[in-house]
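Data first, discussion second: the structure below is written as structure tokens.
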Amino acid sequence: MLSGKEALGIEFGSTRIKAVLIDENFNSIASGSYDWENRLENGIWTYHNDDIWKGLQSAYSSLNNDVENKFGHKIKTLSSIGFSAMMHGYLPFDKEGNQLAEFRTWRNTITSEAADKLTKLFNFNIPQRWSIAHLYQAILNGEEHVKDIDYLTTLEGYVHWKLSGKKVIGVGEASGMFPIDSNTNDYDSSMLEKFASLEEVKKYNWSIRDILPKSLVAGENAGYLTEEGAKFLDVSGNLEPGCPMCPPEGDAGTGMVATNSITVRTGNVSAGTSIFAMIVLDKLLSKVYEEIDMVTTPTGKPVAMVHCNNCCTDLDYWVKLFIEFSSLTGSELTKPQIYDLLYNEALKGDADCGGLVSYNYFSGEPVTGLSEGRPLFVRSENAKMCLSNFMRTQVYSTFASLKIGMEILEKENVIINKLTGHGGLFKTEFVGQKLMAGALNTPVTVMETAGEGGAWGIAVLANYCINNGGMSLEEYLDKKVFSNCKSSTVEPDLKDNEGFANYMSIYKKGLAVERSATENI
């Protein structure tokens, strides 16, 4: 029987919405999911509003079915709930709660003018993905809806608001909307004033501070599940309202929690549809870098974030091609088996991929200065073309852009005592871990909980919200959540490191080919 002390975490990922139920010992005891996909419509990457709510209810219903199969009954009460989603993006609403524009996701690279101007105004890097960049670009574009904005939030902030009635957000996610002052864990007041003083902004009746959600740190109460929210989440009508809700956090924050990477000089790499590294700093960087986002942990500590829009999508398409071929041969190999075979084949390839190079750009990549993407595989006439080299270059391509950003942190002498990997790239044991260790020239750790992902991470934050016993989040994770967690660490191999350096030399030169592809194809 369920005790009613279980915590629920739901995360809206790029391709899947996942719900995880954890017990008091942080074990995942049930899960559910719903697959969805972003759409490119009128040049904008988006998800429809109906998809958000259908996906939420379907993922929860799937979880409920799993609970019923395991325990003989559906969920009735919960100790706490947390919501997470892809960071950043743009969701504006009017006073009546009507959505004013399509949901503009992190994947869009349509705000370069706004991002450049705000970066200069603030002397602080404003990436194109950030909510404030989307808002200012809409202003610069003269979009009609801007005058009616009463509230601006991100995806998990939207879901949390509808189920709790509270317009709040976790500080980690808030730092992807507008720059945060880590001394106050609130939006930077001087930058708010600078934005408000812009002539283009003055003509609107709203105040930038008033339309942003309130920033909360991990452990603070973020409201309670309303009666309307409970009925909306659980279409079967079994779930009771009233359980506490933690501050909604972005996938970067939940990734830090899921890998116990929120203390100074720790970091993690999340590798899925996108790839990003989060490094908790012991000192601020010496200057502003457009390739480095400055965000925070769920407790407000400054974090250097290297975010790349593209990671495993192109690799997955190539694997699907091999799955299709396998099916034609009459093979009974399963999809996971084919993934494992191909990933392990990459380990047999030349350390520099034998002259093959791949660009996995399904969308634009700000780190390399590209506003659009074209997946591209290139080789010279004398390159060593074989399956192992081909698969190795596909894996290399998933973190090649990340390497370019990480080189900046190397020059800044940023110290990383522990780097933990999680996400789809690490599902096949050892391969992604080994090749990334060589590429970044640092040990890479994978924890046994890494497969749980952000839904588990936000469930942990939900539990922390009501059961922290006065402990800091760092203490809570060390002493309660990860005290007995198993992990494996792979040290960088010199041969891999040198081979990847040679690969990157070709990769950087070949960016001109990728740029030409975006202009001509």
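Without hydrogens or angle criteria, Ser270 side chain to Phe276 main chain gives no donor-acceptor distance under 3.5 Å. Between the Asn268 side chain and the Thr420 main chain, no donor and acceptor come within less than 3.5 Å of each other.
Using a 4.0 Å cut-off between charged side-chain N and carboxylate O, Lys117 and Glu113 make a salt bridge. With respect to Glu220 and Lys166, no salt bridge is recorded, no charged nitrogen being found less than 4.0 Å from a carboxylate O. For Arg209 and Asp186, the salt-bridge test passes: some basic side-chain N is under 4.0 Å from an acidic carboxylate O. Ion pairing of Arg515 with Glu519 is absent here, as no side-chain N (NZ or NE/NH1/NH2) approaches a carboxylate O to less than 4.0 Å. Electrostatic pairing of Glu514 and Arg374 does not count as a salt bridge here, judged by no charged N lying under 4.0 Å from a carboxylate O. Salt-bridge formation is detected for the pair Lys202/Glu199: a Lys NZ or Arg NE/NH1/NH2 atom is positioned less than 4.0 Å from an Asp or Glu carboxylate oxygen. With respect to the salt-bridge test (charged N to carboxylate O, under 4.0 angstrom), the residues Glu144 and Lys147 qualify. A salt bridge links Asp51 to Arg39: at least one charged side-chain nitrogen sits closer than 4.0 Å to a carboxylate oxygen.
Below 30°, between 30° and 60°, or above 60°: for Tyr136 and Phe195 the angle between ring planes is above 60°, a perpendicular geometry.
Here Cys465 pairs with Cys246 under the side chain to side chain contact (heavy atoms under 4.5 Å, CB included) rule; sequence neighbours left out.
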With a cut-off of 3.5 Å and sequence neighbours excluded, list every side-chain donor-acceptor pair involving residues 63-71.
residue	atom	partner	partner atom	Å
Asn64	OD1	Ile75	N	2.9
Asn65	ND2	Ser61	O	3.3
Asp66	OD2	Ser31	N	2.9
Asp66	OD2	Lys70	NZ	3.3
Asn69	ND2	Asn65	O	3.2
Lys70	NZ	Ile29	O	3.1

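Both tests do not hold together for Lys162 against Phe232: distance to the six-membered ring centre under 6.0 Å, angle to the ring axis within 45°.
Considering Thr313, Leu425, Asp314 as possible partners of Thr398, the one that fulfils the side-chain contact (heavy atoms from CB on, under 4.5 Å) test is Leu425.
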